[in-house]
Amino acid sequence: MNAQTDYSDTSRWSYHVDADFYADLDRFADLFTADWAVADVNVARSAEGFLSREARLIDEARFNDWIELFTDDCLYWVPITPGGGNPRLEVSHAFDDRRRLTDRVFWLRTGLAFSQIPQSRTRRLITNVEVLDDPGSGYRLVRSNFIVHEFRAGVGKTYPGWYGHVLAPDGDGWKIRLKQVNLLDSEHGHENLTLVF
Amino acid sequence: MVDVLSVVTDSVKDPKTPCWDDLVREDRVHRSLYTEERVFTEEMVKVFGQTWAYLAHESQLPEKNSFVTGTLGLRPIVITRDRKGGLHAVFNRCAHRAATICREEAGVAKSFQCPYHGWTFRNTGELVGAPWPSGYGADFNKSELGLGKVSRVESYRGFIFGTLNESAPSLEDFLGEAKPWLDYWIDRAPDGEVIVRAAAHRMVYRGNWKLAYDNGGDGYHPSFSHRSLLEMASRLGDSKDMSYFGKTPDDGAMKIYSLGNGHSVIDQRPNFDGPGSIWANQRPQPGRERFEELIRTKYPEDADRLLDISAGAQINLSIFPNLLIIGNQIQVIEPLSVDKTQLVWNATSIGGVPEEVNTMRMRTQEDFPAFGEPDDQANFEEVQRGLAVTEVEWILMNRGLNVDGWQSMDETGVVVSAVTDEIHMRSYFQEWLRLMNGARA
Ligand code: FES
Ligand SMILES: [Fe+2]
């Protein structure tokens, strides 16, 4: 590594995850715990459409397409501490920047991950969708409840919780800047959490 | 076939003439040790109880009157600090009619009031009082009705252990030759301060608890069980961390040391050459490049050391029966039933370093629970499934046994061998056998 290194390919480099990146998470956490006004019906419908599409890509195991929904400076975050806690001093089930998320998808697709042989089958229901357009940042925050049903190796499991999505404008649509997955029992014991939430 | 039921039944009925020896041989152990409910029940009394078991870390009890709940085998316990800072472990079991008296994971309390009928106990176990004492006869003696206690609780440099065995050796003697390795791990913190963080990976698998302990000293499995991780690690070209397990591990530089008392350690450090090498070979964490630049700019003299302690310790230290030190994590084996176990991966930070080092340690400690351990646990579960075959009775642990030139013993009695030697299993099962046969001292 030297001064000439071009860090722009965030699937290879992680130069951008710095103090400001963590500070953003605190800011998003504050917004996600606030009460929001009811969103305009078209805004709500468009956010629901986005979530449904993302859900389908995961449930159909189209992870290469799924990862394309994320920004270069994204975070896919499954905290252990309910609500998120302080990731600077706490570990998470997943704290994936673009590089680690690319690793995760690569890992799932090696065909050698025994925890995913056989592969998880999932279907998820997403409801209670709320939307907040943050005028300061231009981000769109989406809060929703989910139930993920998983079937793998003869065993069915159910994971309830809520999602916090931070969407960044991208052309006519949106990309995921942050996907925070808040499992109802995040800090408790789990079997094989290698499925994608 | 070994008549397992009679072995188990006889041993339970008459602990003085036990016959567990039929089930543990020099090169193999019987499947029933992983599948039989009655074996498990005995283990929870004789292994977890009669030897030192890891209970908690002192950093989880930061102040006077702190407490944290835990288990000793299946027994719910509360580990406490008294008002002077002394350590205790009481059974989380009311002396009245057995309800747990503490239902929180951690906190600060001088006393615990049982939520069922209100008996109140000091954090050292003594009964303070029962509501409306006039309802009890003259023979009601408060001093006899305290909480049951783990009779011996000791700490070694922050690691709290407990046993019910009054004749057990001192904790330091029990740790024995594992002590210098634990010291190495603790002393990676500049001031020796290790802090267990609030969030832990609690990973449950459907298999016997010993499958996790077997794996703690298993240098044979990584090239196979962790193939997905090794492939992933080479996504960006040069191979990172652990891929060296794939090169001739039999005659590689890595060794396993059988330390006595069921303890062992795999030393991965011979794979690294010089300061900064552990960091350089760590699979990339979020924020890695910015962090490295910051450390090298702000602490040019000390950078390699700070970077190395942001990555793992490169030893796998197994302390029988329930403590596995892996990377920077304090991993604890919690048996739930004969075929269900929870592995708790306690993440740690350290004192005496810039705060960014600890943040990077968190990111390092998320990697293996996500991409490594799940594949091992999948294999543990498949072992448990395979063990349903009653006709094939034995689990082999004969790799390295009677192989010329593999094992050598140093003056302290530590046996060193090739990292793929199953000596870890062979030696801890001798300790298991000793305890199951009722040994006290
Ligand atoms: S069981 Fe605790 S007071 Fe009755
Ligand atoms: Fe492993």
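Remember, predicted model here, so these are calculated numbers, not experimental data. Letters go in sequence order (proteins before strands), and every chain restarts at 1.
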(request) Go through the atoms of Glu382(B) and report whether side chain, backbone, both or neither lie under 4.5 Å from a heavy atom of chain A. (result) neither
(message) Rounded at 0.5 Å granularity, tell me how far CZ in Arg227(B) sits from OG1 in Thr110(A).
(response) 9.0 Å
(request) Give, as side chain, backbone, both or neither, the part of Val78(A) having an atom under 4.5 angstrom from any heavy atom of chain B. (result) neither
(request) Identify which part of Arg98(A) has an atom lying under 4.5 Å from any heavy atom of chain B, answering side chain, backbone, both or neither. (result) neither
(message) Taking side chain as everything from C-beta outward and backbone as N, CA, C, O, which of these in Arg363(B) sits under 4.5 Å from a heavy atom of chain A? Side chain, backbone, both or neither.
(response) both
(message) At a 4.5 Å cut-off on heavy atoms, which part of Ser186(A) comes close to chain B: side chain, backbone, both, or neither?
(response) neither
(request) With Glu289(B) as reference, evaluate His16(A), Arg12(A), Arg99(A) under the side-chain hydrogen bond (donor to acceptor under 3.5 Å, both in side chains) test and give the passing residue. (result) Arg99(A)
(request) Name the region of Phe106(A), side chain, backbone, both or neither, that has any atom closer than 4.5 Å to a heavy atom of chain B. (result) side chain
(message) Does any backbone or side-chain atom of Pro374(B) lie under 4.5 Å from a heavy atom of chain A? Answer side chain, backbone, both or neither.
(response) both
(message) Report which part of Pro79(A) has an atom under 4.5 Å of a heavy atom belonging to chain B: side chain, backbone, both, or neither.
(response) neither
(message) Using every non-hydrogen atom in the two residues, find where Leu236(B) and Ser11(A) come nearest and quote the distance to one decimal.
(response) CD2-O, 4.2 Å
(message) Please classify the contact between Tyr22(A) and chain B as side chain, backbone, both or neither, with a heavy-atom cut-off of under 4.5 Å.
(response) side chain
(message) Regarding Arg202(B) and Glu191(A), does a basic nitrogen lie under 4.0 Å from an acidic carboxylate oxygen?
(response) no
